[in-house]
Amino acid sequence: LYRYKEGQKKKWDKPATTTAVSATALNTFHTVPGGSSVDFGGPALRPEAITVGVPNPHTQLPVLSSHCPGWVCFAEKSQPQSIPYISTVKSAQQILGSVMKQQLLRPRPEEEGRSVYFVSIQPCFDKKLEASRLVWCCLVPGRFCGNGHVIFFLVPLQDFYHTEENSAEVDLVLSTTELWRLLEAAAQREHQSSGMEVEAVPEVGSDISDDLARLVGKKAKLSECSSPGSSGKEVVALEEGGEPVQRDGSVLAHLLSVLPDSPSGSDEVEALCRSISPDGTSFLTAAPRNSGSGGYAEYLFKYAAQELYGLDLWGCGELPYKEGRNPDMMELELNAVVQALNGSGNVEEGVQGSVEAGDGTRKLKFARAYGFRNIQSVMLKVRRGQCDLDFVEIMACPSGCNNGGGQIRKSSAPAEGGSEVDAQFRETPAQSRERVTHVEAAFHSALQPRRPEDNPFVQYVYAEERLSAPGSDAARGLLHTRYHAVPKLDVIAPLATKW
Amino acid sequence: VRALSGCVTSAETVLIQEQSYEKLQYQLDLSADSRPDIVIAMSPNSIASLSSFLGLPAVECFLRVASVLKDFGARYVVDTFGAGDVALVDARTEFVRRYTIGCR
């Protein structure tokens with residue numbers, strides 16, 4: 001109806017050809033109280049056109065998490081109005097890279113020529129993009145054309161780059177499948193050097209044959225757990241075909257034949273950067289539940305409830321999420337959470353009364369929005385000013401990082417025949433859900449809670465002589481980043497262009 | 001995976017391909033005195049994927065993989081749980097600050 005009524009009368013404003021928005025450089029913003037609508041229109045390259053109406057990045061709610069590089073990339077390209085909402089904290093990968101290179105392993109003057117090559121193993125290919133983020137933030141006048149126009153060049157600058165050391169924070173990001181290839185190569189090399197075939201391994205020692213028995217048991221488990229139908233056939237086919245399972249077995253056999261590394265590592269640097277519990281059975285983390293994608297919603301909710309409303313939720317285990325439109329859209333609301341926990345009698349006495357159950361006023365509303373459909377609906381609400389959320393943990397992949405594109409799939413890990421990409425898509429949705437459930441179960445069974453303040457690594461990073469405190473200027477320099485609207489190429493119908 | 005194919009353009013494909021497995025192999029194959037200190041950090045999700053695929057407990061899986069990678073020439077093999085905790089600590093500070101002064 002709108003288009004019918006307006007017909008051709010509506011004159012569309014051409015959007016600015018380039019808009020550079022930085023979330024940390026405040027001087028590019030004019031704060032507009034309550035201004036959440038962003039107007040990027042107007043003549044290109046006029047400074048007012050890109051600053052007026054852009055909200056102050058340090059006061060906007062909801063806070064959108066910045067952990068997922070796929071989402072950040074998407075926001076910079078097609079949702080520039082969301083940039084002021086995105087948390088400026090770097091992801092764990094970049095934080096570890098910068099702490100390693102700038103502090104822990106920074107070469108001392110006498111160790112000239114020593115350098116650090118930082119490799120990160122991630123579940124996602126977009127993490128590679130994050131490590132080599134190019135920022136089109138510099139416009140350089142190139143040359144004058146005859147007709148009075150100036151041609152500008154966009155000069156790429158790298159975000160995560162230490163200019164003084166002349167090296168990137170993270171040198172290389174490999175997916176889990178690529179690590180798998182490395183392990184395969186290791187197993188291969190081992191077999192070649194020892195001249196033994198996989199079948200010969202059991203003769204070496206009794207505990208290895210035990211391990212092999214476990215391996216066989218695992219195969220049996222694989223065929224059991226796969227439901228009858230296509231997936232069941234596939235596993236059987238793999239076992240009969242021999243090769244893929246054989247290769248899987250050789251990696252496992254090789255892993256089982258090596259002596260595991262000591263949990264505390266070879267020296268204090270390695271011990272500091274490992275979060276293994278003293279009994280060596282689990283990893284320690286601030287968010288032991290729902291942390292497949294960093295655990296931001298889970299942990300920040302508990303912390304904010306404590307800090308702002310005096311409610312101690314730390315000991316109550318998993319928070320009762322309310323499912324939204326689908327399982328990838330989960331919501332938390334303080335009153336509802338307190339009610340649910342009181343109902344189950346999980347909260348310690350004395351904590352219960354702090355918030356009047358259902359006192360009407362909405363407090364702390366968090367959400368986890370995974371997958372692009374849910375992201376779109378959150379963004380739509382933010383754009384219309386109808387979003388009542390305070391924090392949104394956003395992930396591009398449905399089910400979050402455990403379902404990342406670089407994770408091992410049953411059918412893809414032994415990528416024999418066919419390209420790796422083909423293998424990635426061979427899984428049916430039901431199979432991938434099943435796999436992600438398994439991965440999550442494996443993940444959560446190996447995690448134990450530990451307050452981040454008790455983590456020696458956190459204590460090291462925030463020590464007085466380094467960053468001194470969370471949110472300090474030094475912390476903002478080392479742990480925070482900025483985002484930029486990436487200009488879209490103007491796609492104009494060639495015939496409509498007036499030269 | 002689908003999400004990925006939607007947002008990665010061809011220029012970025014080049015960036016992704018630049019970071020290949022062969023690059024690590026190259027660094028690992030350098031002789032011990034010309035090789036940089038190679039630090040390999042494993043994300044929790046990668047540990048979980050490997051351990052569920054191989055049927056090993058997560059910590060044991062991590063330590064065994066660490067041992068193989070060190071045989072290959074890596075100096076340190078660490079996890080990113082600690083850095084994740086740092087990210088959570090700074091994010092919580094940022095959130096509380098924005099929540100208390102925030103506007104919509």
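Below, chains carry the letters A, B, ... as their sequence lines are ordered, and counting in each starts from 1.
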Give, as side chain, backbone, both or neither, the part of [X] having an atom under 4.5 angstrom from any heavy atom of chain A.
X: B:Arg35; result: neither
X: B:Phe72; result: side chain
X: B:Lys70; result: side chain

Quick one: which of [options] has the most heavy-atom pairs under 4.5 Å with chain A, could you say?
options: B:Ala74, B:Ser49, B:Ala48; result: B:Ser49
options: B:Ala41, B:Cys61, B:Ser20; result: B:Ala41
options: B:Leu63, B:Val89, B:Val77; result: B:Leu63
options: B:Thr80, B:Val96, B:Leu88, B:Ile38; result: B:Leu88

Over all heavy atoms of both residues, which pair between [X] and [Y] is shortest? Give the atoms and the distance, please.
X: A:Ala185; Y: B:Tyr21; result: CB-OH, 3.6 Å
X: A:Val458; Y: B:Gly82; result: CG2-O, 4.2 Å
X: B:Ala83; Y: A:Ala92; result: CB-O, 3.4 Å

Tell me, with the steps shown, if A:Phe372 and A:Phe74 meet ring-ring contact (aromatic ring centres under 6.0 Å, His included). CA-CA 10 Å; A:Phe372 269 93; A:Phe74 169 76; 4.6 Å; yes
Tell me, out of [options], who's got the most heavy-atom pairs with chain B below 4.5 Å.
options: A:Leu174, A:Val439, A:Leu479; value: A:Val439
options: A:Tyr299, A:Tyr303, A:Phe443; value: A:Tyr303
options: A:Gly265, A:Ser266, A:Ala304, A:Ala446; value: A:Ser266
options: A:Leu179, A:Ile276, A:Leu182; value: A:Leu182
options: A:Pro123, A:Ala442, A:Gly280; value: A:Pro123
options: A:Tyr462, A:Phe391, A:Phe118; value: A:Tyr462

Where does [X] contact chain B at under 4.5 Å (heavy atoms): side chain, backbone, both or neither?
X: A:Arg451; value: neither
X: A:Leu96; value: both
X: A:Glu453; value: side chain
X: A:Val461; value: side chain
X: A:Thr281; value: backbone
X: A:Ser432; value: neither
X: A:Leu105; value: side chain
X: A:Pro263; value: both
X: A:Asn455; value: side chain
X: A:Leu255; value: both
X: A:Leu259; value: backbone

Does this structure show an ion pair linking B:Glu94 with A:Arg476, if we count only N-O contacts that are shorter than 4.0 Å? no
Does this structure show an ion pair linking A:Arg274 with A:Asp261, if we count only N-O contacts that are shorter than 4.0 Å? yes
List the residues meeting side-chain hydrogen bond (donor to acceptor under 3.5 Å, both in side chains) with A:Asp454, not counting sequence neighbours, and say none if there are none. none
Can the ring centroids of B:Phe62 and A:Phe283 be said to lie less than 6.0 angstrom from one another? yes
Sorted by chain and residue number, the ring pair (Phe, Tyr, Trp, His ring centres under 6.0 Å) partners of A:Tyr460 (sequence neighbours excluded) come out as none
